[in-house]
Student: 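My structure is below; once you've seen it, I'll send some questions.
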Amino acid sequence: MAVSIITVPPGTVEADFPLLLGQPAETLRRGGLVAFPTETVYGLGVDALNQHAVRRVFIAKGRPADNPLIVHLPDQTWIDRVVSDFTPLARDLADRFWPGPLTLVLAARPDVPSATTAGLGTVAVRIPDSALARTLIGLAGTPVAAPSANVSGRPSPTTAAHVHADLSDRIDWIIDGGRCAVGIESTVIDARGTRPVILREGGITREMLGVDDAEPGDPARSPGTRHSHYQPMARVVIAPAGRSVRTANALADRGSVGLVGPDDDGVDPRVTLLSCPIGAEELAAVLYGSLREADARHLDLIVVEEVPTTGVGRAVMDRLHRARGQDLA
Ligand code: TXA
Ligand code: MG
């Protein structure tokens with residue numbers, strides 16, 4: 001199967017989206033697979049209520065069946081289609097952070113297929129901060145389950161080219177809406193109680209949620225965080241703040257080295273400078289692309305300079321530790 005691609009140039013007005021997205025929306029209605037951009041990473045969308053279609057997503061990604069999917073909605077009026085109990089906590093978080101990189105785990109309506117929920121009885125929902133994504137889902141007329149559009153175990157895709165590299169022979173459409181602004185996945189929260197319980201750190205931070213650093217999250221209840229994730233082929237080395245150039249230079253004798261760090265002063269000519277992000281937000285935006293580029297260049301090692309674990313830095317360091325193959329949870 002050859003994938004079809006729709007490119008939505010920057011500056012395209014929202015009023016033109018429906019015209020551009022008619023065919024992929026129809027494909028979703030018929031149970032096909034459509035990759036689309038969100039503000040976090042690209043998702044691989046499928047009709048969340050079509051059990052057969054959802055199974056195809058798991059096959060396309062090579063994803064373990066016990067890892068449930070996030071259901072994407074265009075607006076809050078759709079909540080009742082998949083959620084049976086929209087708690088006061090969820091309502092409050094939704095009002096504050098949607099559309100945005102926040103996913104809420106809530107009691108599922110019984111008609112949400114077990115392929116989508118992995119039989120947990122709960123459903124994860126979010127409204128992405130991407131008019132392209134919301135328009136597509138609205139046109140499809142059905143809630144859209146979408147895991148990140150990568151082969152399982154690879155870094156999440158932040159460009160259409162990343163999606164193409166992983167899945168071009170297995171999906172129907174790629175909607176190219178440019179680079180994702182946030183660059184790492186949404187924060188996943190269990191919102192069934194009265195306090196948010198963080199299952200996966202992400203774009204909406206503890207500070208924004210008013211969840212104390214000391215308050216433990218519960219990644220054990222988010223099946224995806226148990227699986228090994230985000231592992232590039234190159235070995236990842238995390239360098240202390242201010243020491244990434246020295247670390248990369250010192251390793252250049254041992255193999256081909258890529259560098260992701262805030263300065264490029266005095267970099268050994270043998271070292272490949274992959275990106276030069278300053279601060280956690282910029283690192284989040286370029287991290288997955290840099291890991292993929294390291295693989296495309298067949299580098300042996302990739303040195304990434306750490307960022308403080310405050311704000312989005314906490315999620316970035318979580319992903320970096322996973323990329324290194326060390327589970328934090
Ligand atoms: O930003 C994102 O969240 C992106 C974009 C495409 O929206 N999606 C994404 O999906 O990262 P995925 O499938 O790669 O990660 C979903 C995470 C997994 O860790 C999964 O276990 C968890 O959400 N999850 C989904 N449903 C859940 C549920 N009912 N209970 C607990 N965790 C759930
Ligand atoms: Mg994923």
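In each ligand, atom 1 is the first atom listed, and ligand 1 is the first ligand listed. Since the model is a prediction, treat every value here as computed from it, not as a measurement. Values below: all heavy atoms of this structure, side chains included; hydrogens, waters and symmetry mates excluded.
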Student: Name the one of D166, T158, N150 that satisfies side chain to side chain donor-acceptor pair (under 3.5 Å) with R292?
Tutor: D166
Student: Compute the minimum heavy-atom distance from T117 to ligand 1 and say whether it is under 4.0 Å.
Tutor: no
Student: When the ring planes of H72 and F36 are compared, do they come out parallel, tilted or perpendicular, using 30° and 60° as the limits?
Tutor: perpendicular
Student: Could you tell me, atom by atom, which parts of ligand 1 come under 4.0 Å of a heavy atom of T40?
Tutor: 1 (O), 2 (C), 4 (C), 5 (C)
Student: Checking the N or O distance criterion of under 3.5 Å, is ligand 1 in contact with Y42?
Tutor: no
Student: Which of the numbered atoms in ligand 1 are under 4.0 angstrom from any heavy atom belonging to T122?
Tutor: 28 (C), 29 (N), 30 (N)
Student: Nearest non-hydrogen contact with atom 8 (N) of ligand 1 belongs to which option: A108, A146, G45?
Tutor: A146
Student: Nearest non-hydrogen contact with atom 23 (O) of ligand 1 belongs to which option: V188, I189, L102?
Tutor: V188
Student: What do you reckon, does R126 have a nitrogen or oxygen under 3.5 Å from a nitrogen or oxygen of ligand 1?
Tutor: yes
Student: Which atoms from ligand 1 have a heavy atom of H72 less than 4.0 Å away?
Tutor: 5 (C), 6 (C), 7 (O)
Student: About how many Å separate CG of L283 and CD of E306, when rounded to the nearest 0.5 Å?
Tutor: 11.0 Å
Student: With the side chain counted from C-beta on, respond yes when V82 and R109 share a heavy-atom pair under 4.5 Å apart, and no when they do not.
Tutor: no
Student: Give, for atom CG of L106 and atom OG1 of T103, the distance between the pair rounded to the nearest 0.5 Å.
Tutor: 10.5 Å
Student: Using side-chain heavy atoms (C-beta onward) and a distance below 4.5 Å, is V54 in contact with N50?
Tutor: no
Student: Measuring from atom CZ of R56 to atom CG of D172, what distance do you get when rounded to the nearest 0.5 angstrom?
Tutor: 5.5 Å
Student: For ligand 1, which atoms sit closer than 4.0 Å to a heavy atom of G43?
Tutor: 6 (C)
Student: Below 2.8 Å, can you find an N, O or S atom of S148 next to the Mg ion (ligand 2)?
Tutor: yes
Student: What is the minimum heavy-atom distance between T38 and S130, and which atoms define it?
Tutor: CA-CB, 3.9 Å
Student: Going by the order shown, which atoms of ligand 1 are within less than 4.0 Å of some heavy atom of N67?
Tutor: 18 (C), 20 (C), 21 (O)
Student: Show me which atoms of ligand 1 lie under 4.0 Å from any heavy atom of P147.
Tutor: 10 (O), 12 (P), 13 (O)
Student: Heavy-atom distances under 4.0 Å are what count here, so tell me which part of D190 touches ligand 1: side chain, backbone, both or neither.
Tutor: neither
Student: Please work out whether any backbone atom (N, CA, C, O) or any side-chain heavy atom from C-beta onward of E39 is under 4.0 Å from ligand 1, and answer side chain, backbone, both or neither.
Tutor: neither
Student: How about T194 and L89: do any of their side-chain heavy atoms sit closer than 4.5 Å?
Tutor: no
Student: Does the N or O separation between T38 and ligand 1 drop below 3.5 Å for any pair?
Tutor: no
Student: Between R200 and V188, is there a donor-acceptor pair closer than 3.5 Å when you use the side chain of the first and the backbone of the second?
Tutor: no
